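Keep in mind it's a predicted model, so treat the numbers as computed, not measured.
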Amino acid sequence: TLQEITHPDDQGCDLDEFQHLLDGDIACYSVEKRFIHKQAHSVWTQVTASLIRTPAGEPDCLIAVVEDISGRKTREHRLHERELQNSIMAENMPGGLARLDAGLHFGFANHALEEAFNRPASDIIGRHASELYPPAALPALLQNQTVYPYPGGEIQHIQVTLAPQRTADGGIDGLIMVVDDVSELVHTQNALHDSVAQLRHLAQHDTLTGLPNRALFQETLKNALAGA
């Protein structure tokens, strides 16, 4: 019987629709359900059923069209798995990740961005970028430059990388934004610059008097002759 070859988890899944069909509430219905193949594996199908009635209006017979949709279900499962993996990777990225629509409104924010803004994703999504970044920083942000993004808090140096989010036909309907905190790198570069400047000063000035020494005199003379 039909019930014997129906997957146990899908038995009875269309009983309500079938009753509505018998009652004359609907002319037909369609449902996705699994059947058991003769080789014991399950097969996903799309079942479309309609009822043929006698001239008196009584149910006569049921006509069902069964379409094998196993391929589609496999693609949907793979897509779901890929989306799940992408979601896990996005949430566990050490840097911030966000999606903005064409109007620069946040549509997604990962955990790292939540921590950076010190607010939950629910309070980020839907907001315009200017509500979270200082207006003066937006031009630099949109040019993938280092900016100072967090008003009212500790200044942070970030590197923003933007990539277009494309539609199936190749159009652009938003941006993908990757945010990396480069504060430590900037501080290291500044410290290195200060160290070089200090060493240069020590090389060109007397350690006891602090007055310019022969090395500075020779460099100044050399630059003056070169510019003459």
Once rounded to the nearest 0.5 Å, what's the spacing between atom [atom1] of [X] and atom [atom2] of [Y]?
X	Y	atom1	atom2	result
Leu51	Cys61	CG	SG	7.5 Å
His77	Lys73	NE2	NZ	11.5 Å
Leu104	Arg127	CG	CZ	15.5 Å
Ser70	His37	OG	NE2	9.0 Å
Arg72	Thr74	CZ	OG1	11.0 Å
Ile69	Trp44	CD1	CH2	7.0 Å

Got [X] and [Y] here, is their nearest side-chain heavy-atom distance under 4.5 Å?
X	Y	answer
Ser30	Val47	no
Val31	Asp10	no
Leu62	Ile52	no
Leu100	Met177	yes
Glu58	Arg53	no
Gln165	Ile172	no
Leu21	Tyr29	yes

Quick one: does His128's side chain have a donor or acceptor within less than 3.5 Å of a partner on Gly103's backbone?
yes
Could you tell me whether a side-chain N or O of Asp23 sits under 3.5 Å from a main-chain N or O of Asp25, the two making a donor and an acceptor?
no
Co-membership, hydrophobic cluster, residues [X] and [Y], 4.5 Å side-chain:
X	Y	result
Phe18	Ile26	yes
Val66	Ile5	yes
Ile124	Leu175	yes

Evaluate the side-chain contact (heavy atoms from CB on, under 4.5 Å) criterion for residues Asp68 and Val43: first the C-alpha distance (whole Å), next the side-chain angles of each, then the deciding distance (0.1 Å), finally the verdict.
CA-CA 7 Å; Asp68 186 343; Val43 178; 3.7 Å; yes
Between [X] and [Y], which heavy-atom pair has the shortest distance, and what is it?
X	Y	answer
Ser50	Cys28	CB-CB, 3.9 Å
Arg34	Asp9	NH2-CB, 3.4 Å
Pro8	Ile36	CD-CD1, 4.5 Å
His7	Ser42	CD2-CB, 3.9 Å

Output yes when Arg78 and Glu81 qualify as a salt bridge under the 4.0 Å nitrogen-oxygen rule, no when they do not.
no
Decide if atom NE2 of His80 counts as having more than 12 heavy atoms of other residues, nucleotides or ligands within a radius under 6.0 Å.
no
Quick check on side chain to side chain contact (heavy atoms under 4.5 Å, CB included): which of Lys33, Glu32, Gln19, His20 does Asp14 satisfy it with?
Lys33
